[in-house]
Number of protein chains: 2
Amino acid sequence: MCQTAEVDRDLLDLPVLFLGAARALIDGIDAGVRARGFTEVRPAHGFAFALLSHGGATTVELAHHLDITKQAASQMIEDLVGRGYVERRPHPDDARARLIVLTDKGWACTRAAEEAADEILRPWADALGTERLAALRADLSRLAVPGRLRPIW
Amino acid sequence: MCQTAEVDRDLLDLPVLFLGAARALIDGIDAGVRARGFTEVRPAHGFAFALLSHGGATTVELAHHLDITKQAASQMIEDLVGRGYVERRPHPDDARARLIVLTDKGWACTRAAEEAADEILRPWADALGTERLAALRADLSRLAVPGRLRPIW
DNA sequence: TCCAGTTGGTCAGGCTACTTGACTACATAG
DNA sequence: CTATGTAGTCAAGTAGCCTGACCAACTGGA
């Protein structure tokens, strides 16, 4: 069976469309989070919170999740500790490691982000119809996209 | 008529999926471009080339396209001129402005990026089916995403 | 035709989120 | 007990962006 000889020319703007969609969502959520009073957090912090909301994580786990060095992750954590969004606890299994967990403020910020995401996505659902948006999500998740998050360039 | 009360919980990972898809495409294209011998260019340059490939542009037009300041655009152009990807020409209509155009090397790099994009998208087309991928593209383009490109954060 | 305000571009300096490299403390395998 | 590996921090450097100041050229109105 012969594979597709060439990808349809129209598809070449997919990178732009994906980047635009990602930016629209992330910027919108960021704006919503700021509007809810959390003016010190960047979008990257949101992706960090998403990891930490599942029982906490270590510095290196966060670094891996965000695809940055452990030093950079350590700096981000230091910053977030200073602003009261997370705290360092001794790790139950490893005296070298520390378990980074969300504080109440961190949880509040995470909930604000979810509300904001909901707000941004509603017009998308209205524009496309819920079933098409769900289909889009299903297709995306089938593309086996790597789970690591990182700024684009 | 009552709008959707709440967005489906599953949809909340759309930001991650979009960002992942954008990253997968952009990283893949970047790797393909490097593999073809253009090791000095960043993904942002690709988006610059995409604009310049339509008859050239001025510094401020490029700045607007990339959503950066004109100073940053000027620095990028200076860098690309030094590496031989673009050149500055006097602007036909405005003595203040300069028309930035691709050199032969710039065009070669642009073609390499298109080949790389094709290469990356083919497995996607195979995984989803061409009609489904085309539908996905159509949906995305209906979302009226802003045309300005920029790093994510 | 002149002048005021606008616009295209550069120069200079600064900021910030990252990087690499070196190091300590603790863990784990032999 | 020792050798190697891993979690985290400290220190210094860097790349790509920013703001502010400036000059030259365009534009519109009196």
Side-chain angles (χ1 to χ4, degrees), chain A residues 19 23 26-27 30 39-49 51-52 56-83 85-101 148-153, chain B residues 19 23 26-27 30 34 39-49 51-52 55-83 85-101 148-153:
Chain A
L19 179 59
R23 268 195 58 72
I26 291 171
D27 282 359
D30 190 46
T39 57
E40 324 167 292
V41 286
R42 296 180 291 123
H45 297 147
F47 291 102
F49 292 176
L51 175 67
L52 300 180
T58 66
T59 301
V60 284
E61 285 166 352
L62 179 60
H64 185 261
H65 183 246
L66 298 179
D67 205 8
I68 57 180
T69 60
K70 59 181 181 177
Q71 293 91 328
S74 186
Q75 287 173 11
M76 178 185 288
I77 290 165
E78 177 61 27
D79 185 57
L80 289 174
V81 167
R83 299 183 195 279
Y85 288 92
V86 306
E87 62 184 19
R88 296 187 237 245
R89 295 200 182 153
H91 196 285
D93 305 328
D94 190 334
R96 296 169 302 176
R98 305 182 180 213
L99 192 65
I100 314 299
V101 295
R148 310 178 76 190
L149 304 163
R150 202 174 71 193
I152 288 288
W153 55 75
Chain B
L19 180 57
R23 268 195 58 74
I26 292 171
D27 281 0
D30 190 47
R34 288 170 182 276
T39 56
E40 324 166 291
V41 286
R42 294 180 292 123
H45 297 147
F47 290 102
F49 292 176
L51 175 66
L52 299 180
T58 65
T59 302
V60 283
E61 284 167 351
L62 179 60
H64 185 262
H65 184 245
L66 299 179
D67 206 8
I68 58 179
T69 61
K70 59 181 181 176
Q71 293 92 327
S74 186
Q75 287 173 9
M76 178 184 288
I77 290 167
E78 178 62 27
D79 185 58
L80 290 174
V81 167
R83 299 184 195 279
Y85 289 92
V86 305
E87 62 184 19
R88 295 187 239 243
R89 296 200 182 153
H91 195 285
D93 304 327
D94 191 333
R96 295 170 303 177
R98 305 181 180 214
L99 192 64
I100 314 298
V101 295
R148 310 178 75 190
L149 304 163
R150 203 174 70 192
I152 288 288
W153 55 75

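Throughout, a chain's letter reflects where its sequence line sits, starting with A, and its residues are numbered from 1.
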Polar atom pairs between nucleotides 10-15 of chain D and protein, under 3.5 Å, N or O only, would you list them?
none

Practice problem: Answer with base, sugar-phosphate or nothing: what part of the nucleic acid does B:Thr58 contact at a heavy-atom distance below 4.0 Å? | Solution: sugar-phosphate
Exercise. Write down the atom of B:Leu99, the atom of B:Gly56, and the distance for their closest heavy-atom approach.
Key: CD1-C, 3.9 Å
How close or far is atom [atom2] of [N] from atom [atom1] of [X], stated in whole angstroms?
X       : N      : atom1 : atom2 : result
B:Ile77 : C:dC11 : CD1   : P     : 13 Å
A:Lys70 : C:dA17 : NZ    : C1'   : 19 Å
B:Asp79 : C:dT10 : CG    : P     : 14 Å
A:Phe47 : C:dA17 : CZ    : C1'   : 17 Å
B:Ile68 : C:dT10 : CD1   : P     : 13 Å

Exercise. Kindly state which residues belonging to residues 86-99 of chain A come within less than 4.0 angstrom of DNA chain D, counting heavy atoms of the residue only, listed by number.
Key: A:Arg88, A:Arg96, A:Ala97, A:Arg98
Exercise. Using the test side chain to side chain donor-acceptor pair (under 3.5 Å), find all partners of B:Gln75 that sit at least two apart in sequence or belong to another chain.
Key: none
Exercise. Quick one: list whatever passes side chain to side chain donor-acceptor pair (under 3.5 Å) with B:Gln71, sequence neighbours left out.
Key: none
Quiz item: Just how large is the angle between the end axes of the helix from C:dT1-D:dA30 to C:dG30-D:dC1, five pairs per end, to 10 degrees?
Solution: 30°
Exercise. Please identify each residue that fulfils side-chain contact (heavy atoms from CB on, under 4.5 Å) with A:Arg83, with sequence neighbours left out.
Key: A:Glu40, A:Asp79, A:Tyr85
Self-check item: By side-chain contact (heavy atoms from CB on, under 4.5 Å) - contacts of B:Ser74 (at least two apart)
Solution: B:Thr59
Practice problem: Using atom types as modelled and distance alone, determine if a side-chain donor or acceptor of B:His45 lies under 3.5 Å from a backbone N or O of B:Arg42. | Solution: yes
Exercise. State which residues pass salt bridge (charged side-chain N to carboxylate O under 4.0 Å, His left out) with A:Glu87; sequence neighbours excluded, sorted by chain then number.
Key: A:Arg89
Quiz prompt | Among D:dC17, D:dA7, C:dC18, the nucleotide that comes nearest once only the side chain of B:Ala72 is considered | solution = D:dC17
Quiz item: Looking at B:Leu52, B:Leu80, B:Thr58, which hits side-chain contact (heavy atoms from CB on, under 4.5 Å) with B:Ile100?
Solution: B:Leu52
